[in-house]
Amino acid sequence: MSSLVAGPSLVEAYLEHIRNTCLVGTDGELADYIPELARVDPTKFGLSLALHDGYVYSIADADVGFTIQSVSKPLTYALALTHKGFELVDERIGVEPSGEAFNEISVDSKRRPRNPMINAGAILSASMLLEVEPDVDRAFAELLEFYSACAGRQLVLDSDVYNSEMRSGARNRAIAYMLQSFGVLQASPEAAIDLYFRQCSLIVTTDDLAVIGGTLANGGVNPRTGRRAVGQAVVQRVLSVMTTCGMYDGAGDWVTTVGLPAKSGVGGGIMAVLPGQLGIGVYSPLLDEHGNSVRGVAACKRLSADLGLHMFNVARESRVTVRSFHTAAELDIDTDRPDTDRTDTERRYLRGKRDRIRIFELQGDLTFSGTESVLRRLRATAQEFEVAILDMTRVDHVDEVSRSMFVGASRNLKGAQRSAVIVDPDGVVVRRSAHRSEPGPGLEYVVTTMHEALIRAEDFLLKLAVEEG
Ligand code: GLN
């Protein structure tokens, strides 16, 4: 049973459910072009969600490290854009989806790599950093500092993977030399390959990928550290390219079904971004024929569909969903009316209990992330109240997932000897027919005015007092 104050939250319980549904089957293969990747445990599964305020939900193997591989490509591209400027980068790396495999040896009619998410474009992005700082160690130190700023913690290199990549990188070397022969790669091809393999070999967890995604979702400010890691214009460009090219040949299907800018890597990681709202990190090392994590893709599809995360799921979301937060003691509403049938003792008791009724005044359109932040606040302050009144008077729309989250929360409150009363005059949470209200299971207390809500809250406090003796 998930209780209100201890145990998994609604969101964690839901993420566990995603894990259970996605872990079935053994589809996919481990990457085997180097022995280190073929040796990992195929049953590992990590899933993390970083919210815009820096809160991170993580489940299962969210602390298991794996190499970032191609999830690094948007970051190095961001760094190249930052150092060289858009114009110089655009002359040499295209932004068109290629519909080809990640390691395809291909360029467009101007002999530019088609985009920065395939190896050719990624190696070229790395080489541009060497045009600014030709020493590989120093260029890598700077790259590492940047990646770490995006993740909000110091990342480190997996030197076994790096050495192995360096030994077996014939195809990537071929790409680098080809680009050199076309005159687009101007640094040393060997140095470019070296830097590219180091970036691919950085160890991350799904928490890291979620926070990096959260940084992009936040317009470049890391939600954990509050520090700007990437410029806003660069973020916009990077997210655009991730949207059209991030999932390789599966990009079109990805945009229609998941609808989130994302990047996968052969290490088994996927990072996805819901602009303005959240970052997702998922890990499962079994890969499909495109080199995308099979279960990672499945998890993203489920998350997007269930939580309404598609970026074109248009809602008038306002970041500030809790408009105000106070106790009934601070309200100027008199419930001490004769028609409530209270005895003097009851009235006295209730006067002393008014600060145990918390009122959350909500506003805007409620979709997953807004509702999540309301419910997290409810959970964090649960010791301070017996009854929570959720005032929906200023809420215009509640989506399906948020509605069921409110039902779940009110059920959890009940399990924890507490209660939720919802003030819903326009029927946004509970659709009302002309003749009767139909709150349905889990939402017993739905009323139309704050006055009624307070009376319900007091009834509940009295009932509790009787039960507790
Ligand atoms: N290191 C790998 C390569 O360059 C990364 C590829 C990937 O993750 N898609 O081949």
Side-chain angles (χ1 to χ4, degrees), residues 28-40 65-77 93 97-106 113-127 129 140 143 147 155 157-179 185 189-204 206 208-209 212-213 241-242 245-251 254 262-272 281-297:
E29 305 281 342
L30 290 172
D32 59 0
Y33 70 94
I34 54 170
E36 286 70 19
L37 292 181
R39 262 202 300 265
V40 302
F66 52 93
T67 51
I68 187 169
Q69 297 295 350
S70 287
V71 185
S72 65
K73 289 169 177 171
L75 295 183
T76 294
Y77 181 55
I93 306 177
S98 68
E100 290 167 336
F102 66 90
N103 57 2
E104 197 60 38
I105 304 186
S106 81
R114 287 182 207 273
N115 67 65
M117 301 294 119
I118 55 172
N119 288 11
I123 293 167
L124 196 52
S125 303
S127 82
L129 306 183
F140 176 64
L143 179 149
Y147 281 43
L155 300 179
L157 184 81
D158 183 327
S159 40
D160 291 341
V161 170
Y162 163 65
N163 289 324
S164 214
E165 296 266 12
M166 281 295 266
R167 274 195 298 274
S168 63
R171 191 181 180 96
N172 284 322
R173 279 200 175 81
I175 292 174
Y177 280 100
M178 175 193 71
L179 295 173
L185 192 146
E190 288 300 331
I193 287 300
D194 189 346
L195 185 58
Y196 171 68
F197 282 147
R198 291 192 207 194
Q199 79 178 49
C200 287
S201 306
L202 289 172
I203 303 171
V204 289
T206 54
D208 294 326
L209 293 187
I212 296 170
V241 175
M242 282 168 67
C245 316
M247 300 301 282
Y248 307 120
D249 6 21
W254 181 266
K263 189 69 204 79
S264 63
V266 293
I270 298 179
M271 167 177 84
V282 55
Y283 169 64
S284 163
L286 294 173
L287 308 177
D288 65 17
E289 70 276 19
H290 307 303
N292 298 329
S293 164
V294 175
R295 291 159 174 175
V297 169

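Source: prediction; values computed, not measured. Both counts, for ligands and for their atoms, begin at 1 and track the order of listing.
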Is there side-chain contact between [X] and [Y], with at least one heavy-atom pair below 4.5 Å?
X	Y	answer
Leu202	Ser72	no
Tyr196	Asn119	yes
Ile105	Arg171	yes
Leu209	Ile270	no
Phe66	Thr206	yes

Taking only heavy atoms of [X] into account, list the atoms of ligand 1 that are under 4.0 Å away from them.
X	result
Asn119	3 (C), 4 (O), 10 (O)
Tyr196	3 (C), 4 (O), 5 (C)
Cys200	1 (N)
Gly265	8 (O)
Glu165	1 (N)
Ser70	5 (C), 6 (C), 7 (C), 8 (O), 9 (N)

What about [X]: any of its N or O atoms under 3.5 Å from an N or O on ligand 1?
X	value
Phe197	no
Ser264	no
Lys73	no

Using a 6.0 Å cut-off, check whether atom CD of Glu104 has over 12 heavy atoms from anything other than its own residue.
yes
Non-hydrogen atoms of Asn103 versus ligand 1: any pair closer than 4.0 Å?
no
Out of Asp194, Leu129, Leu195, which one pairs with Phe140 under the side-chain contact (heavy atoms from CB on, under 4.5 Å) rule?
Leu195
Does Arg171 approach ligand 1 within less than 4.0 angstrom via side chain, backbone, both or neither, non-hydrogen atoms only?
neither
Flag, side chain of Asn163 to backbone of Ser159, donor-acceptor distance under 3.5 Å:
yes
